[in-house]
Number of protein chains: 2
Amino acid sequence: MKWDTLDEEPCSLSRTVAVVGDRWTLLILRECFLRVRRFEGFQSSLQITRHLLSERLKKLVRFGILRRVPYSEAPKRYEYILTQKGLDLYPIIMAMVHWGDTHMGDERGRPLLHQHKTCGKEFDPVMVCSECGEPLHAKQVHVHAGPGRKEAVG
Amino acid sequence: MKWDTLDEEPCSLSRTVAVVGDRWTLLILRECFLRVRRFEGFQSSLQITRHLLSERLKKLVRFGILRRVPYSEAPKRYEYILTQKGLDLYPIIMAMVHWGDTHMGDERGRPLLHQHKTCGKEFDPVMVCSECGEPLHAKQVHVHAGPGRKEAVG
DNA sequence: AGGCTATAGTTCTAAAATAGAACTGTCAAA
DNA sequence: TTTGACAGTTCTATTTTAGAACTATAGCCT
């Protein structure tokens, strides 16, 4: 597999996997959503090697998930802020958290609880159909080729 | 990082990442949801090395995502079927597909379209609050420690 | 019987990625 | 002038992955 061109495959999952499809990147993004912004913050909470952290942050900046924003002029220091593109990864992270809560839990209960500020309640994320609003299940979905696939396949 | 115990961390994201947090596993799951079930099927559509495919399938079986079901007695042959635990990964996959559609698209248009059999329409997946039904956004969610975190941290 | 094909793996070596630790450079405060 | 905080970079050893070849069972064709 040519991982370096995975983001150009005629498959939206592949393209997403090209960006967030590794363990460290997903854990870094978790920290971003928990308001971590700085190199040392990521490093100490994740115990990731500084080398890899540096690499992954660069990659996330390159793909437009994070912005590298100066917060000190002398010495020059930067922090990493989620862009809108990055914020839009939230459903992926939440879907993963929810699956972990449901299927990988232990007797200690949930590690984190999520409260929806809008309605005030503790909630679970639910994926629904944009058209009818019903919860989605794999077996109720029919997949067919769109223009991007037809053009790629010929 | 001790990846071998990542599935026991007091963090549901880590636990999920332990299972599906690598590129091949996510691509294999995509194929599962596209009804691929057999070793040769995965191998030829993904161009994954046979060695790694074998490893990843074993891991998915070990974690209860796939079941290895015989479909021929002589010679003994097996196919890999999503369990309920595996089917429940659907929101993760769909969230990734949707993000790719939204942020990684090109001029050729979407590779795949999804039709909701229940309502008959082509749809996008939307993540909503289980309590009030409103679409979720990161900034409207307050995270706090649950019992599993408190017990782990002390 | 002998050879071809299909399927589902296993085994081997080379290349790439990751881990772990040490090092660099800037500046502020003591 | 020394220490410490911060944001990285560089180095070697280990682990993972890629790529190709090999094994094994059995049906089908001649």
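What you see is a predicted model; the values in this text were computed from it and never measured. When reading the values below, keep in mind they use all heavy atoms of this one structure, side chains included, and skip hydrogens, waters and symmetry mates. Every chain is numbered from 1 and lettered A, B, ... according to where its sequence line falls, protein lines coming before strand lines.
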(request) With side chain to side chain donor-acceptor pair (under 3.5 Å) as the test, would you mind laying out the steps for B:Arg68 and B:Tyr80 before giving the verdict? (result) CA-CA 5 Å; B:Arg68 188 161 172 270; B:Tyr80 297 87; 3.3 Å; yes
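- Regarding contacts with the backbone of D:dG8, a side-chain N or O of A:Tyr80 is found under 4.0 angstrom from either OP1 or OP2.
- Put simply, the side chain of B:Ile28 reaches to within 4.5 Å of the side chain of B:Leu53, judged on heavy atoms.
- If you take CZ of B:Arg77 and C1' of D:dT23, they are 12 Å apart, rounded to a whole angstrom.
- Separating the CD1 atom in B:Ile65 from the CG atom in B:Leu82 is a distance of 8.5 Å, to the nearest 0.5 Å.
- Regarding B:Glu55, its CD atom lies at a distance of 9 Å from the P atom of D:dT16, rounded to whole Å.
- As a whole-Å value, the separation of B:Arg23 CZ from D:dA18 C1' is 12 Å.
- Considering only heavy atoms from C-beta on, B:Met127 stays 4.5 Å or farther from A:Tyr90 through its side chain.
- Comment: A:Asp106 engages B:Arg15 in a salt bridge, judged by a side-chain N to carboxylate O separation of less than 4.0 angstrom.
- Regarding contacts with the backbone of D:dG8, every side-chain N or O of A:Ser54 stays at 4.0 angstrom or more from both OP1 and OP2.
- In this structure, of D:dT25, D:dC11, D:dA18, it is D:dC11 that holds the atom nearest to the side chain of A:His51.
- Between A:Asp4 atom CG and D:dA18 atom C1' the separation is 13 Å, expressed in whole Å.
- Contact check of residues 31-44 of chain B against DNA chain C (heavy atom, cut-off under 4.0 Å) returns B:Arg38, B:Phe39, B:Glu40.
- With DNA chain D read from its 5' end, the first of the two nearest nucleotides for A:Trp3 and A:Tyr78 is the one closest to A:Tyr78.
- Residue contacts for A:Arg68: at a heavy-atom cut-off of 4.0 Å it reaches the sugar-phosphate backbone alone, with no base atom in range.
- Distance, A:Leu6 CG to D:dT17 C1': 15 Å, rounded to whole Å.
- Summarising the geometry, the separation between NZ on B:Lys59 and P on D:dT17 is reported as 9 Å, rounded to the nearest angstrom.
- The closest side-chain heavy-atom distance from A:Leu87 to A:Phe33 is below 4.5 Å.
- Hydrophobic clustering (ILVMFWY, side-chain heavy atoms < 4.5 Å, transitive): A:Val143 and B:Ile92 are in one cluster.
- Mapped onto DNA chain C by nearest heavy atom, A:Leu52 and A:Glu73 fall at different nucleotides, with A:Leu52 at the one closer to the 5' end.
- Within the 4.5 Å cutoff, the side chain of B:Ser54 has no heavy atoms near those of the B:Thr49 side chain.
- Judged by closest nucleotide on DNA chain C, A:Gln47 is the one of A:Lys76 and A:Gln47 placed further toward the 5' end.
- In this structure, A:Ile48 atom CD1 and D:dG8 atom P are separated by 13 Å, rounded to whole Å.
- In this entry the distance linking CG of A:Leu53 with P of D:dA7 reads 10 Å, nearest Å.
- With respect to B:Glu31 and B:Arg38, no salt bridge is recorded, no charged nitrogen being found less than 4.0 Å from a carboxylate O.
- Boundaries of the chain A contact region on DNA chain C are C:dT18 to C:dC27, first to last in 5' to 3' order (nucleotide atom under 4.0 Å from a heavy atom).
- In summary, B:Glu9 and B:Arg149 do not engage in a salt bridge, as defined by a charged side-chain N under 4.0 Å from a carboxylate O.
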